[in-house]
Amino acid sequence: MNKLVLFTLLGASISFFNEVRAADKEPEIKKINAIRIDKAPKIDGILDDEVWKSAPIASGFVQLRPVPGRMEKDNQKTEVRIVYDNAAIYVSARMHEVSQDSIARQLAPRDQVGNADFFGIVFDTYLDKINGNGFFVTAAGSQFDAKYSASGNEDELWNAVWESDVKIDETGWSVEMKIPYSALRFSSNDIQKWGVNMIRKRQNVQEQFFWNPLDPNKNGFINQSGELTGISNIKAPMRLSFSPYISSYVNNYPYNQPGIKNTSGSFNGGMDIKYGINQSFTLDMTLVPDFGQVQSDNQVLNLTPFEVQFNENRQFFTEGTELFSKGDLFYSRRIGSNPTFLGPAETNPGERITAYPTESKLLNATKISGRTAKGLGIGFFNAITNRMKASLEDDLGNTRLVEVQPLTNYNIFVLDQSLKNNSSLSFINTNVLRQGSAYDANVSAVDFNLNDKKNVWNIKGTGRISYLKGGEFNSGQEGYSYDLKFGKQSGKFVYNFLQKLTTDTYEQNDLGILFNRNFLDNSVFGEINLYKGKKLYNELHAFVQLRYSQRYKPRTYQNFVASSGMYMQFKNLWSVNANVEWQPEGNDFYESRNGLVYRTLGNKFAGLNLSSNNSKKYNAGFYSYITAEKRFKGKGLDLGFYQNYRINNKFSVGNDFSYEPRFNYSGWVGSLNNQTIFSRFDRQTVVNSVDAKYTFNTKMGINLRARHYWSNRINKDFYNLLADGNLEATSNRVEGANRNFNTFNLDMNYVWQFAPGSELTITWKDASIASENSVLKGYGNNFDHIFKSPQNNSLSFKILYYIDYLQLARKR
């Protein structure tokens, strides 16, 4: 079957290859020349400086959305000029408009665009057509910057220190930008030649324009840039900055127990350091970091056999980590996560846990990354977490401390060579070293991404080897995994074939994340993309995918999934998304939690999503998904609704609500007398979240987010799991198997960027979790119950001050 699929794909590939060869030549790349200046312009948004009068103009922007290829109108044209000196690149842009009313200008904090027009410029300083740095300014004056890699992956948490200002008048708006060389990385060549593209967004009509046109049917973003010439004899300055911080916390939880204070406080201090080792490489270090003000995790009732993957909200672990994400081996939440080394063998009969650390204390973390002039990216990451202990107490009141997390060292090393045709070849190694008798873990991978000259055909893959040694793996354990994908990635019709294999002994969860192993999956994917709108729509996408999964060892059928879907944006900028999925009978080797097979009888899925025009003051969306399980005739329904209302250009509110009932579902519930027990159960899940933003100006704002989550499980009948994977009714009941889980989080942040790179943050958090075995019916009762449960309140203050060594030296 696999060979048949492969030969079919190859045959189709040959036919499309002939079609591509007969296609028209690539469009000519636009070029603009930057001129050197002696006097820097004043960054005030007013384009009256002499330096702009003699600079060449970049114009003739071309629309990407909603109508690709359409030229901008004369009364809405964009004009850009670029100059430079020994310190920085300077950019001016004039966006013509028919009136001020056509300009959307909602205020938003840094790194948020909001509902606003914007202008941006993206530099590919090594001209490798893979990596870039983008700098954007909205019509309200808000800054946004990001790193780009590969086919346009955006790292919006990357931050640089640069200047900008805007000015709005009767015929449009203008922007001036000063981007110091300390915000860029470039080669030491006397003559510089960079890739560059400029972007303009007209928010009210959802029009997006690019200076060098982008073909939406062509894979990639940075590789479709124009060229910037004329820059010569510039040198990267010494890049050294310090960001010391101090923070203070007051925490209140109603323990109401003798000897335990309800209110506690703490005072912390630390520092972030950035150092430019040379023109290409940068060292980032955080010493005694404080992440207490990051957004709270979205806690859920997890009934699956797999862990919950949480988002990473700590900026140090998200900013500039594109190199460390190669090979998909890095899950940064492992660093500083909940300690997990306390097992039943470490506790004595009659002992109970009286204190357990909620996280592993991060002592420091370091990143070194950059790219040479020949396109070799090098990355090194290191983090150290402290030894953590739990407190145990027996029936006689005797207490003792037990180590639940040893002193641990996390390392990542990456080599990433850029090749021609936007291709790359990478080597990645991760290792986790633990002090004492706990085991160590090592994973190595080779990752490649190869494109043909026209970026139409692509073959990519990753091969990984893991090795565990010490502790429970005293004799060592090896395993391997690979992904291999081949297909057509550009054109109206794209498709690919993907094979994924992971052995039963492969392990990457010490620094990465892997939900399951011991599988061999084959899938075929095809999609048609129509960007040339018809009378009804602006763009239309439709896909179909087939996936066949087996166990790797022993080779056993697991499941087959056929899915299809479509997305359409209408002329009024509303959009609709529809999906269907069919899965016949299969074998589930994970649900039992002990390797026994559970025979699934198949299920079906259908869903619809409708969204309104998000540029309107009020916009909303609705979705509905229906699922059906054949066993016990189970039914599931997902209903969701979101709405956002922009009260004015400073104040906006939003709400997301979802209701997900399940009836007559089946799943693992526990073990009893060496027998694996399943149940038929009902479940209800409700998620209700509210957010509000008030932005005083581009430097200061308040953000509030409140989320209530309720989910339960009501078991109706119990079953023994038989050797053949079927279920047999039993009178045995697993006590305490019903679940009722409530959680509430409120995060409110006030942020004031009082100087470039410096900010004051005040955060209030309110959190509560109630998890019981007795079910409390009704959403209203559970909403009332969570607010009557103990609330953990914390108030924190943090001041971070950015110190640039060069500015400090100039003042001296």
Side-chain angles (χ1 to χ4, degrees), residues 43 106-114 116 135-138 140-147 155-166 177-180 182-183 239-250 266-275 282 284-296 312-320 362 365 367 650-651 691-705 747-765 794-808:
I43 306 302
Q106 181 188 14
L107 276 167
R110 197 184 197 283
D111 289 332
Q112 295 184 29
V113 173
F135 304 86
F136 301 81
V137 183
T138 74
S142 300
Q143 286 186 350
F144 176 90
D145 42 25
K147 269 191 175 184
D155 176 11
E156 61 185 32
L157 293 175
W158 174 79
N159 282 328
V161 178
W162 50 289
E163 298 178 41
S164 65
D165 205 350
V166 301
M177 306 162 68
K178 176 185 177 180
I179 305 169
S182 59
R239 292 180 283 114
L240 176 60
S241 65
F242 307 91
S243 298
Y245 81 86
I246 56 173
S247 64
S248 178
Y249 288 80
V250 177
S266 64
F267 186 83
N268 310 293
M271 181 183 295
D272 292 344
I273 301 173
K274 286 183 181 287
Y275 173 61
T282 302
D284 291 275
M285 178 178 290
T286 182
L287 304 174
V288 196
D290 176 12
F291 300 119
Q293 296 185 321
V294 301
Q295 180 177 297
S296 302
E312 177 59 89
N313 298 317
R314 300 170 298 177
Q315 183 173 331
F316 183 86
F317 294 102
T318 56
E319 179 187 1
L362 180 63
K367 295 180 293 188
K650 292 187 175 182
F651 188 29
D691 64 87
K693 299 177 183 178
Y694 189 89
T695 307
F696 299 96
N697 51 51
T698 58
K699 308 296 183 184
M700 184 188 302
I702 294 177
N703 181 46
L704 180 145
R705 178 181 181 268
D747 296 68
M748 187 169 72
N749 288 279
Y750 166 82
V751 180
W752 173 31
Q753 188 180 19
F754 57 86
S758 306
E759 62 182 31
L760 164 68
T761 309
I762 303 175
T763 301
W764 171 44
K765 290 189 176 187
S794 67
L795 182 66
S796 63
F797 300 81
K798 181 177 180 180
I799 297 177
L800 183 144
Y801 191 74
Y802 175 81
I803 302 172
D804 188 322
Y805 172 80
L806 285 180
Q807 291 183 357
L808 192 63

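Only this structure's heavy atoms are used, side chains among them; waters, hydrogens and symmetry mates stay out.
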Can you tell me how far CD1 of Ile799 sits from CD1 of Ile762, rounded to the nearest 0.5 angstrom? 8.5 Å
For Ile273 and Phe242, the nearest pair of non-hydrogen atoms, with its separation, is CG1-CD2, 4.1 Å
Enter the distance from Gln753:CD to Leu760:CG here, rounded to the nearest 0.5 Å. 12.0 Å
Determine yes or no for a side-chain-to-main-chain donor-acceptor pair under 3.5 angstrom, with Ser758 supplying the side chain and Tyr802 the backbone. yes
Is Lys693 atom NZ crowded by more than 12 heavy atoms from other residues, nucleotides or ligands, each under 6.0 Å away? no
Are any side-chain N or O atoms of Gln112 and backbone N or O atoms of Gly114, one a donor and one an acceptor, separated by less than 3.5 Å? no
When you measure from the side chain of Asp747 to the backbone of Ser296, do you find a donor-acceptor pair of N or O atoms at a distance under 3.5 Å? yes
Minimum-distance pair of heavy atoms, taken over all atoms of Ser248 and Phe267: CB-CD1, 4.2 Å
Verdict with reasoning, Val288 to Asn268, per side-chain contact (heavy atoms from CB on, under 4.5 Å): CA-CA 9 Å; Val288 196; Asn268 310 293; over 6 Å; no
Atom of Arg239, atom of Thr282 and distance for their closest heavy-atom approach: NH1-OG1, 2.6 Å
Got a donor-acceptor contact below 3.5 angstrom from the Lys798 side chain to the Gly292 backbone? no
Taking the side chain as C-beta and beyond, is there a heavy-atom pair between Asp111 and Glu156 under 4.5 Å? no
Counterpart residues, side-chain hydrogen bond (donor to acceptor under 3.5 Å, both in side chains), relative to Asp290 (two or more places apart): Ser247, Tyr249
Taking the side chain as every heavy atom from C-beta outward, state whether Tyr805 and Tyr275 have any atom pair closer than 4.5 Å. no
Report yes if some heavy atom in the side chain of Tyr694 is under 4.5 Å from a heavy atom in the side chain of Lys650; otherwise report no. yes
Once you round to the nearest 0.5 Å, how far does CG of Asn703 lie from CE of Met748? 10.0 Å
Is it the case that the side chains of Thr763 and Asn749 hold a donor-acceptor pair, with the cut-off being a distance below 3.5 Å and no angle test? yes
Can you tell me how far CE of Met271 sits from CE of Met285, rounded to the nearest 0.5 angstrom? 11.5 Å
Gap between atom OG of Ser142 and atom CG of Leu107 - 0.5 Å precision: 6.0 Å
Student check: side-chain heavy atoms of Pro244 and Ile803 closer than 4.5 Å: yes
Any donor-acceptor pair under 3.5 Å from Asp145 side chain to Ala160 backbone: yes
Between CG on residue Asp284 and OG on residue Ser241, distance to nearest 0.5 Å: 8.0 Å
Close side-chain approach of Val166 to Val137, heavy-atom, < 4.5 Å: yes
Determine whether Arg110 and Asn159 make a side-chain contact, defined as any pair of heavy atoms from C-beta on separated by less than 4.5 Å. yes
Could you check whether the rings of Phe696 and Tyr750 sit parallel, tilted or perpendicular, using 30° and 60° as the cut-offs? perpendicular
Can you check whether Phe316's main-chain N or O pairs, donor with acceptor, with Lys367's side chain at less than 3.5 Å? yes
Is there a side-chain contact between Tyr245 and Asp272 (heavy atoms, below 4.5 Å)? no
Indicate the atoms forming the closest heavy-atom contact of Val161 with Gly757, along with that distance. CG2-CA, 4.3 Å
Exactly one candidate in Phe136, Trp158, Trp162 meets ring pair (Phe, Tyr, Trp, His ring centres under 6.0 Å) with Phe144; the answer is Phe136
Could you walk me through whether Gln143 and Thr698 pass side-chain contact (heavy atoms from CB on, under 4.5 Å), step by step? CA-CA 8 Å; Gln143 286 186 350; Thr698 58; over 6 Å; no
Testing the basics here: between Thr138 and Val113, what is the closest heavy-atom pair and its distance to 0.1 Å? CG2-O, 4.0 Å
Can you check whether Phe317 reaches Leu362 side chain to side chain, under 4.5 Å on heavy atoms? yes
